[in-house]
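Worksheet for the structure shown next.
Quick note: numbers below take in every heavy atom, side chains included, and nothing from hydrogens, waters or symmetry partners. Residue numbering restarts at 1 for every chain, and letters A, B, ... go by the order of the sequence lines.
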There are 2 protein chains.
Amino acid sequence: MCFQSYIVIMIRLTSAEENYLKAVYHLSQEGKTTVSTNDISSEMKTKPASVSDMLRKLAEKEVIDYRKYYGVNVTENGKKYALQIIRKHRLWEVFLVEKLRFAWDEVHEVAEELEHIKSPILIQRLDEYLGHPKFDPHGDPIPDEYGDVKARPRLPLNELAINDGGQIVAVKDSSAAFLRYLDKVGAYIGARIKVLDKVEFDGSLEILVDNKKTLFMSKDVAANILVLQQ
Amino acid sequence: MCFQSYIVIMIRLTSAEENYLKAVYHLSQEGKTTVSTNDISSEMKTKPASVSDMLRKLAEKEVIDYRKYYGVNVTENGKKYALQIIRKHRLWEVFLVEKLRFAWDEVHEVAEELEHIKSPILIQRLDEYLGHPKFDPHGDPIPDEYGDVKARPRLPLNELAINDGGQIVAVKDSSAAFLRYLDKVGAYIGARIKVLDKVEFDGSLEILVDNKKTLFMSKDVAANILVLQQ
DNA sequence: ATATTATTTTAGCTTTATCTAAATAATATT
DNA sequence: AATATTATTTAGATAAAGCTAAAATAATAT
Ligand SMILES: [Mn+2]
Ligand SMILES: [Mn+2]
Ligand SMILES: [Mn+2]
Ligand SMILES: [Mn+2]
């Protein structure tokens, strides 16, 4: 006899609530556990007043803990819910790139809409159809149906020392502008790189890509490229 | 030198407005050109008061002609817009059945959400990916990007005479209940059929399917099966 | 021609998600 | 410690999409 475990999330959020929860979750992953109203406001491009309103609703639905004036924390339920939205977002991104030949800089906005389609069977079948991918086109890990994430250790490229090498596994910034820049210079997920030189003065780097091409980049660019050191 | 023609629809409707427009368009295709508030109300499962409100908005955006108390007509712009939503709905249905192994009775609700995703490139690529299908899983024609529809002549099965034959090309009712019933008895799009007998009393029929199986069905069922007579 | 019924619209209310402006709490500076 | 600044919340508005109840209009039946 075999007991199967199910994730039952009885909470039902609107698309707007889902977007806010995702933002809070992402902000909470960047170091500090408690997220401020203003942080959320700039992330969501809405006014702080709107954020306060929304936080009340999210606290009501128990996906965040909210202490007025002191910021918010995502609850366990909230984390599970957020990870399911992230799962859907990233699976759709894979679909768009792998099946519909979208470029990696074209998928974010569309996935931002697709992630809100409510159909458990849809996402399960999509996952199957895509062959259970573990990473999205930007190298971000895709949580499984239970919310478990296989994280790869990764490091901003600017933190490598001269002669350190590795492989590009993700980008921190997924904006179209940045991704198109990477396309242009020939940096891509999976590329093998080695730091040839680092300029003391401004932190810019000289990088060898795939043992073929050398490439100069500013510290700011390098900080948004994540590598698996080898 | 070559001039390309574009369809430029500058109108932007909300999802709710799109759903109403589609309903008005579908009702206007069923015979009478002018559609009443009550018809729309029962189609949309909303109250007539809500319909009146919405009609004002749709008239404002010039997708319908609206004479208070006398019903509505879809404008040329409205037809083009409606056909684009229908195109998206049916392409997504094909995707769900062909690629994600959905049953034909499981696709409608999800497509009802997917059809509102706004991305011209998405739908163009999806169409390409699916091989420019001409019909959806229920046999309904898929309008092309200009709104042109390749209509097949089709006839309700109950209107065939004894010994008439043909091929099932579509269903009029796409409800899960009806489709599952057809699955059970083995009627499917593409099946070759022949009318073996018609009962005078209640209009029920005896049908030969694929020269193999005989099948009895009520007039009501037959009226919802559309055939291409041969 | 008028009265009755059915249909449709209007008026006014609710919820969600946004905003601006005003109030208040927390933090920083003298 | 008092005051100034910044962050956050509250109050009050608006727009979308629905509702109910009441009023208006059209269709029909007498
Ligand atoms: Mn989103
Ligand atoms: Mn991504
Ligand atoms: Mn819809
Ligand atoms: Mn269909």
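- Within a 6.0 Å sphere centred on NZ of A:K99, heavy atoms belonging to other residues, nucleotides or ligands number more than 12.
- Residue pairs meeting the ring-ring contact (aromatic ring centres under 6.0 Å, His included) criterion with at least one member in residues 106-145 of chain B, sequence neighbours excluded: B:H89-B:H108.
- For the pair B:M217/B:L157, a side-chain contact is recorded, criterion being any heavy-atom separation below 4.5 Å from C-beta on.
- Residue B:S52 places none of its side-chain N or O atoms closer than 4.0 Å to OP1 or OP2 of C:dT10.
- Between A:K22 and A:E112 there is a salt bridge, since a side-chain N of the basic residue sits under 4.0 Å from a carboxylate O of the acidic one.
- Residues B:R56 and B:D53 are paired through a salt bridge, judged by an N-O separation under 4.0 Å between the basic side chain and the carboxylate.
- Salt bridge annotation for B:K61-B:E17: present, with a cationic side-chain nitrogen under 4.0 angstrom from a carboxylate oxygen.
- Residues B:D173 and B:S175 bring a donor and an acceptor atom of their side chains to less than 3.5 Å of each other.
- A salt bridge is defined here as a Lys NZ or Arg NE, NH1 or NH2 lying under 4.0 Å from an Asp or Glu carboxylate O, and A:E60 with A:K57 fails to meet this definition.
- Of the possible polar contacts, one joining the A:K198 side chain to the A:N158 backbone as a donor-acceptor pair under 3.5 Å is found.
- A:E17 has its CD atom 14 Å from the C1' atom of C:dT18, to the nearest Å.
- Donor-acceptor pairing under 3.5 Å is recorded for the side chains of B:S204 and B:D202.
- When DNA chain D is scanned 5' to 3' for any atom under 4.0 Å from a heavy atom of chain A, the first and last hits are D:dA7 to D:dT10.
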Pairs under 3.5 Å (Watson-Crick or G-U), crossing ones as [ ], inter-strand ones as |: DNA chain D comes out as ||||||||||||||||||||||||||||||
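- One atom, OH of A:Y20, and another, P of C:dT16, lie 15 Å apart when rounded to the nearest Å.
- Taking atom CG on A:L55 and atom C1' on C:dT16, their separation rounds to 15 Å, with Å as the unit.
- Within a 6.0 Å radius of CD in A:E109, no more than 12 heavy atoms belonging to other residues, nucleotides or ligands are found.
- Nucleotide C:dT20 holds its P atom 14 Å from the CG atom of A:D53, rounded to whole Å.
- The interatomic distance linking B:M54 (CE) with C:dT8 (P) rounds to 17 Å, in whole Å.
- Contacts of residues 57-71 of chain B with DNA chain C (heavy atom under 4.0 Å): B:Y66, B:K68, B:Y69.
- Listed by residue number, B:P48, B:A49 are the residues of residues 43-51 of chain B with a heavy-atom contact under 4.0 Å to DNA chain C.
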- So B:L100 and B:F95, side chain to side chain contact (heavy atoms under 4.5 Å, CB included) or not? Walk me through it. CA-CA 7 Å; B:L100 299 196; B:F95 169 71; 3.8 Å; yes
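- Put simply, CZ on A:R12 is 15 Å from P on C:dT16, counting in whole angstrom units.
- With sequence neighbours left out, the ring-ring contact (aromatic ring centres under 6.0 Å, His included) criterion links B:Y20 to no other residue.
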